[in-house]
Amino acid sequence: MCGITGWVAYDSDLTRQHHTLDAMTATMACRGPDDSGTFLRPHAGLGHRRLAIIDLPGGKQPMSTNSVAMVYSGEAYNFTELRAELTKLGHRFETDSDTEVVLHGYLQWGESVADHLNGMYAFAIWDEREEKLVMIRDRMGIKPFYFYPTADGVLFGSEPKAILANPLARKVVDADGLRDLVTMTKTPGWSLWKGMEEVPPGAIVTVDRGGIRSRAYWKLDAVEHTDDQETTVERVRELMTDIVHRQLVADVPRCVLLSGGLDSSAVTGLAAAHLASQGEQLRTFSVDFLGQEQNFHADEMRDTPDSPFVRDVAALVGSAHRDIVLNPSDLTDPAIRRAVITARDIPAGLGDMDTSLYLLFKAIRAESTVALSGESADEVFGGYRWFHDPEARNAKTFPWLAFRNALTTDRASLLNKDLRDRLDLPAYVADQYATAVAEVDHLDNASPFEQQMRTICHLHLTRFVRMLLDRKDRASMAVGLEVRVPFCDHRLVEYVYNTPWSLKTFDGREKSLLRHATKHVLPQSVAERVKSPYPSTQDPAYAAALQLQVKEVLAEPDHPVFDLVDRSWVHSAAELDSHTMPSDIRTGLDRTLDLYHWLDIYSPEIQY
């Protein structure tokens, strides 16, 4: 896992720009604390920061051979098989790294190397033979990848901050950037920064003297599912077992993120069994909040605390478990908030859900370098509550926006009325929804209900999950931790996507296929547990601390945050009783503080 960046310019001599390339590369130091390298030619520069995971001495980058150079971030989980295949085709390898396998794969298959890869990756190849840059991103968008067209080429990077370190990139945020930030619609290719785009998941972007072109090498297709229930469950079990085994391969300490929910517990059980067969004990980590279990009360999203279920799983599998327990002062520390915003480059406004994730990863990094996560199972298997809520399902909008909760309910309420009017968010959401629905393929014989549920699944796998994957990657890589997501293996995604909804819920519950495929490694309590999302503190001291901080913001009348945020809304929220504060108001305070710090850190030009 690493950070990559680069610059292609056809009308310039980049050999004189090593200081700029070094500055771009330096912004990725958190993603790659183990090594740094650059590659410079007249019309191309590549920068790399390395987090060593496989073949610690042999995977140095940029890696080059035969007039082709590459910077690579991620893991190809099938690199052993690919190396054997390429060796038979005459290739010879000098290292044991997956990076060299991918480079030789390009030499053998060209851009079609993407079709051969199983993994999470974002990589760029400069082909001196054709003076061409090739940028390839994994199918699900697990690894971030951005590019910024210039007058005579392109800038690219794992994160926007690498691109913004180049003087050619302007720190401008326009109306469309703000619209997507507020609405949670995750427009494909969206970047907050004007002029910057994402390399789309499952896409290849090429740059040459003729311009920039993008093509998809993978998408979700509708395929008839012919397996019966028993066969489907067995196939999911086989896939999950193979995926977890592959993703445990590393030359550094590994662990699993354990929340006590079905998803992470399934990964934990499969991982623990595999490592036990090799005489190794699995490490597991959980995040919790001081006093949360003792003072827990059910709310709109969570029926039970996580801790009892975590203990059940750890006891069953015999993992070496550690709870990372946080208190309100940890979660509201402005320095931690700024670190999270810097990691993500955007004011996401998720509050303690972001800061706790960052602090969890920071604590884990002291003991492990690779962590497996249960992220994305809800999108793949249909686990969120709104999948099963008729009102949210039938709404003519994104289901997660129709389902009322603190994160999605009236996210624009804190904005100035003039800004809300200019953005016209309802029209933007409606346009994005129509565009997203039009991309879904259906089987000719599918019932209206099956078509509806396929559409909802597609929306989650191409929109919603990408927000969560970006969040997890940025928070983990900010502390040099590689997080792997078994549920994003494209083989599993394709197979489960095409199972009818009746099979996904055959026992009358959410995620039936996953529950039955992995029940042999789960305690009964977890197998029967109702879906519970990532935890959030319920301590009123958190809201009280937010109020104190926004009062300090209110004392700065000329701060640019009030060009975006309604001062009267903030003032009213700051005066509420923190013990009875509605969750959506607390979320609004978090968004206000995120915007405040983001404006200070980046000093962007806002155009709307």
Side-chain angles (χ1 to χ4, degrees), residues 118 139-141 201-202 218-244 246 261-267 269-270 374-390 392-394 399-400 436-437 439-466 468-469 485-522 527-531:
N118 175 290
R139 295 167 178 84
M140 292 294 290
W218 182 85
K219 69 181 183 68
L220 285 169
D221 292 319
V223 178
E224 190 77 39
H225 185 82
T226 58
D227 293 343
D228 61 18
Q229 178 181 309
E230 182 179 356
T231 305
T232 301
V233 170
E234 180 59 30
R235 179 57 179 156
V236 171
R237 181 181 298 117
E238 292 172 353
L239 283 168
M240 283 299 304
T241 302
D242 177 69
I243 292 164
V244 170
R246 286 176 180 272
L262 173 62
D263 314 335
S264 66
S265 299
V267 174
L270 293 169
E375 190 81 89
S376 309
D378 287 307
E379 290 80 6
V380 174
F381 290 95
Y384 290 115
R385 296 192 178 193
W386 47 79
F387 274 95
H388 309 274
D389 179 76
R393 284 195 316 226
N394 294 325
W400 56 89
V437 169
E439 295 173 352
V440 185
D441 293 327
H442 293 285
L443 299 174
D444 293 337
N445 60 349
S447 69
F449 179 72
E450 284 292 343
Q451 289 189 19
Q452 177 192 40
M453 297 315 298
R454 181 183 290 276
T455 295
I456 291 174
C457 290
H458 194 279
L459 295 176
H460 282 78
L461 292 168
T462 58
R463 297 269 183 153
F464 193 78
V465 76
R466 292 176 183 172
L468 301 183
L469 290 172
V485 278
F487 291 106
C488 279
D489 186 291
H490 71 277
R491 298 169 299 160
L492 180 71
V493 172
E494 291 170 350
Y495 185 76
V496 177
Y497 175 69
N498 281 298
T499 59
W501 186 251
S502 57
L503 265 181
K504 290 187 176 79
T505 55
F506 68 78
D507 63 356
R509 302 190 59 184
E510 78 282 359
K511 294 187 285 195
S512 307
L513 292 173
L514 178 61
R515 191 182 311 275
H516 285 262
T518 59
K519 63 182 179 181
H520 61 295
V521 296
L522 297 173
E528 298 301 324
R529 189 183 183 191
V530 174
K531 163 66 186 172

I'd like to check the side chain to side chain donor-acceptor pair (under 3.5 Å) partners of [X]; sequence neighbours left out, ordered by chain and number.
X	value
Lys511	Asp263, Asp378
Thr231	Asp228
Arg529	Thr304, Asp306
Thr505	none

Is there side-chain contact between [X] and [Y], with heavy atoms separated by less than 4.5 Å?
X	Y	value
Tyr497	Leu492	no
His225	Pro500	yes
Met453	Thr455	no
Val493	Leu220	yes
Phe487	Met240	yes

Distance-only, no hydrogens or angles: does the [X] side chain make a donor-acceptor pair with backbone N or O of [Y] under 3.5 Å?
X	Y	result
Asn498	Val223	yes
Arg515	Ala527	yes
Arg454	Phe449	no
Ser265	Leu262	no
Lys504	Thr499	yes

Check: side chain to side chain contact (heavy atoms under 4.5 Å, CB included) between Asn445 and Glu224: does it pass, once the steps are laid out?
Finding: CA-CA 10 Å; Asn445 60 349; Glu224 190 77 39; 3.7 Å; yes

Next item on the list: Go through the structure and list residues passing side-chain contact (heavy atoms from CB on, under 4.5 Å) with Asp441, not counting sequence neighbours.
Entry: Lys219, Asp221, Ala222

Notebook entry, point to check: With sequence neighbours excluded, what pairs up with Val465 under the side-chain contact (heavy atoms from CB on, under 4.5 Å) test?
Noted result: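 Val465 satisfies side-chain contact (heavy atoms from CB on, under 4.5 Å) with Met140, Ser376, Glu379, Leu469 only.
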
Between [Y] and [X], is the closest basic N to carboxylate O distance under 4.0 Å?
X	Y	answer
Arg491	Asp489	yes
Glu510	Arg385	no
Asp389	Arg393	no

Item checked: Any side-chain donor near an acceptor of the partner, Ser512 and Asp507, under 3.5 Å -> yes

Nearest heavy-atom pair of [X] and [Y]: which atoms, and what distance?
X	Y	answer
Val521	Ala266	CG2-O, 4.1 Å
Thr232	Leu503	OG1-CD1, 3.7 Å
Ala436	Leu459	CB-CD2, 3.4 Å

Next item on the list: Take the angle between the ring planes of Phe506 and His516 and call it parallel below 30°, perpendicular above 60°, tilted in between.
Entry: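 The rings of Phe506 and His516 sit tilted, inter-plane angle from 30° to 60°.
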
Next item on the list: Give the ring-plane orientation class for Trp501 versus His388, where under 30° counts as parallel, over 60° as perpendicular and anything between as tilted.
Entry: tilted

Next item on the list: Please say which of Trp386, Phe387, Tyr384 ends up in a side chain to side chain contact (heavy atoms under 4.5 Å, CB included) with Ile456.
Entry: Phe387

Distance from [X] atom [atom1] to [Y] atom [atom2], nearest 0.5 Å?
X	Y	atom1	atom2	result
Gln229	Glu234	CD	CD	13.0 Å
Leu514	Phe381	CG	CZ	4.5 Å
Leu461	His458	CG	NE2	8.0 Å
Arg246	Thr241	CZ	OG1	12.5 Å
Cys457	Gln452	SG	CD	10.5 Å

